[in-house]
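Residue numbers begin at 1 in each chain, while the letters A, B, ... track the order of the sequences. Everything numeric in this text was worked out from a predicted model, so none of it was measured.
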2 protein chains.
Amino acid sequence: MTTEYSGSGDPKRSMELLWGVPDRPRRGPKPKLTVDRIVRAAIGIADAEGLAGLSMRRVADELGVTAMSLYTYVPGKAELVDVMLDTVHARPAEADDGHDGHGGVADGDGDWRGRLERLARESYERYRRHPWLLQVATSVPVLGPNLLAKYDRELSAVDGLGLTEVEMDLLVSLVTDYVHGAVRGAVETAQMQRRTGMSTEQWWQSYEPLLAQVFDPERYPVAARVGAAAGEEYQAPYDPTRSFEFGLQRMLDGIEAFVRNRAGR
Amino acid sequence: MTTEYSGSGDPKRSMELLWGVPDRPRRGPKPKLTVDRIVRAAIGIADAEGLAGLSMRRVADELGVTAMSLYTYVPGKAELVDVMLDTVHARPAEADDGHDGHGGVADGDGDWRGRLERLARESYERYRRHPWLLQVATSVPVLGPNLLAKYDRELSAVDGLGLTEVEMDLLVSLVTDYVHGAVRGAVETAQMQRRTGMSTEQWWQSYEPLLAQVFDPERYPVAARVGAAAGEEYQAPYDPTRSFEFGLQRMLDGIEAFVRNRAGR
DNA sequence: GACTATAGCGTACGCTGTACGGAGTTCAAG
DNA sequence: CTTGAACTCCGTACAGCGTACGCTATAGTC
């Protein structure tokens, strides 16, 4: 039951953590841990149990130390979340041989629409893998290396189309904003299943009698009609990815109209 | 520092709370409070201090009772948040004389595009007024009267265009998803100002030396270019509403292409 | 007037993040 | 080789959280 705010820590210390201090002091006993191990353990816990399950004691347990030991490496929980945030935005590509694990498709390949699509899907997948990302309220931008790299990739996708820099930034914001909003539906249904152990249909069926007692079809005519139609249509389990893909195409259509219009001038 | 999940409580009890039980038992001492007063106090606190500042003890203080007294009216904090969620989605219109405070414009007026625009702006404004809405993770849909009414209004805006019910639902999801995503930027900058007491430019200026030490323009070529351009362009304080309006128009353009295409068949 | 359902609250438990101070370990300087 | 400083790790403690439990006072019913 916890939302975390990004960027609540000391900016200087956060930047050192995010970018890695070059030299570590040599005095004293050898550190048992590293910031990286702590961050990975924390991400694992958050992936499995959500942000609510993430506590300093829990992370420490995982690593075989006490909670207070973590404070040697990390100023506090807020900064830890900042680093977690940047870490999950690293691309698998950067760790190995240059292939990017996307079937050999490089960022620059294809037209701008294909590039934006690929980035949107990539982002969507990341949210699905790390649902706690939705709970991290970015009260301040986290300027880590991976997040900056992501921003750069996104801007590159719409570069060279004759747009101004401000327009490029606006388009990128549009895509990332949409993905963030759309992924909520997908994560919501997934979490409902995990939390309640029921499928979407089962859940609706258990709610139906409660809703029927209070729901007045005359007060919500259109909702009643659409709800009924949805109940018949979605015989197969509701697929939130379908909603995401539909909206993505509509949004790209809108962007396409804009780009064509600007190029024509 | 707290995220709340919606729908974590007992469904039956939550529904009773949301829709109001018709008869209250008459035995025992007269209740000092009502659910409504508790919810309003809680909303006030969350508006002013964020979800992090919202605690049962804090709400109780506000109302001159102890924390445990609240549990006579509300099963727990999760259900309280559910009711808060539904409550802020009530329209001012329903409380008074039938005018809706939007300059006499009724929901049905105008074309579908105008209707969707109006609903999107309305939603945007609500998020700005109640930023904690962004922190409430809807792990389960809250089926309160006001949220259902909102859904009905949104569906009505795209009704009668020759779309299937499923398509209508997809379009509505697209708009609400976008608004949710887009409003994050706006709330983010507003909260940064409130939390740090700095304007956006001041904040960036204080961060610049830190960033300059680690930022390699060759590694992030496009981001460097756009960042520089943004720094020059946005002499006036960065206006997130501009980003929202830009994206809204692009999205509506995309929807328009879809609607025209479907109508043509 | 007796009975009983209810409102309100005092206390307590387990959880959270983390401030503080001390113990043990390792390196650099004398 | 000894000493002192720097460093890691941890035990304890505190304030705050949601809320379970049980008691008391109140108000309506019989």
Nucleotide D/dT8, atom C1' - distance to CG of A/Leu63 in whole Å:
15 Å

Should A/Lys32 be listed as having a side-chain N or O under 4.0 Å from OP1 or OP2 of D/dC10?
yes

Could you tell me whether the side chain of B/Ser123 and the main chain of B/Leu119 form a donor-acceptor pair under 3.5 Å?
no

5'-most by nearest nucleotide on DNA chain D - B/Gly76 or B/Gly28
B/Gly76

So which one's nearest nucleotide on DNA chain C is more toward 5', B/Leu33 or A/Met68?
B/Leu33

Single hit among B/Lys150, B/Arg129, B/Arg91 for salt bridge (charged side-chain N to carboxylate O under 4.0 Å, His left out) with B/Glu122:
B/Arg91

Checking the side chain of B/Tyr178 only, and the main-chain atoms of A/Gly181 only, is there a donor and an acceptor separated by less than 3.5 Å?
no

Heavy-atom donor-acceptor pair, A/Arg27 side-chain to D/dT8 base, under 3.5 Å:
no

B/Asp61 CG to D/dC17 C1', in whole Å, measures 13 Å

Kindly say whether A/Val65 contributes a backbone atom to a donor-acceptor pair with the side chain of A/Ser69 at under 3.5 angstrom?
no

Is the distance from OP1 or OP2 of D/dC17 to the nearest side-chain N or O of B/Ser55 less than 4.0 Å?
yes

N or O in side chain of A/Lys77 less than 4.0 angstrom from C/dG17 OP1/OP2:
yes

Kindly indicate whether the side chain of A/Arg58 and the base of C/dT16 share any N or O donor-acceptor pair separated by less than 3.5 Å?
no

Heavy-atom donor-acceptor pair, B/Arg57 side-chain to D/dG18 base, under 3.5 Å:
yes

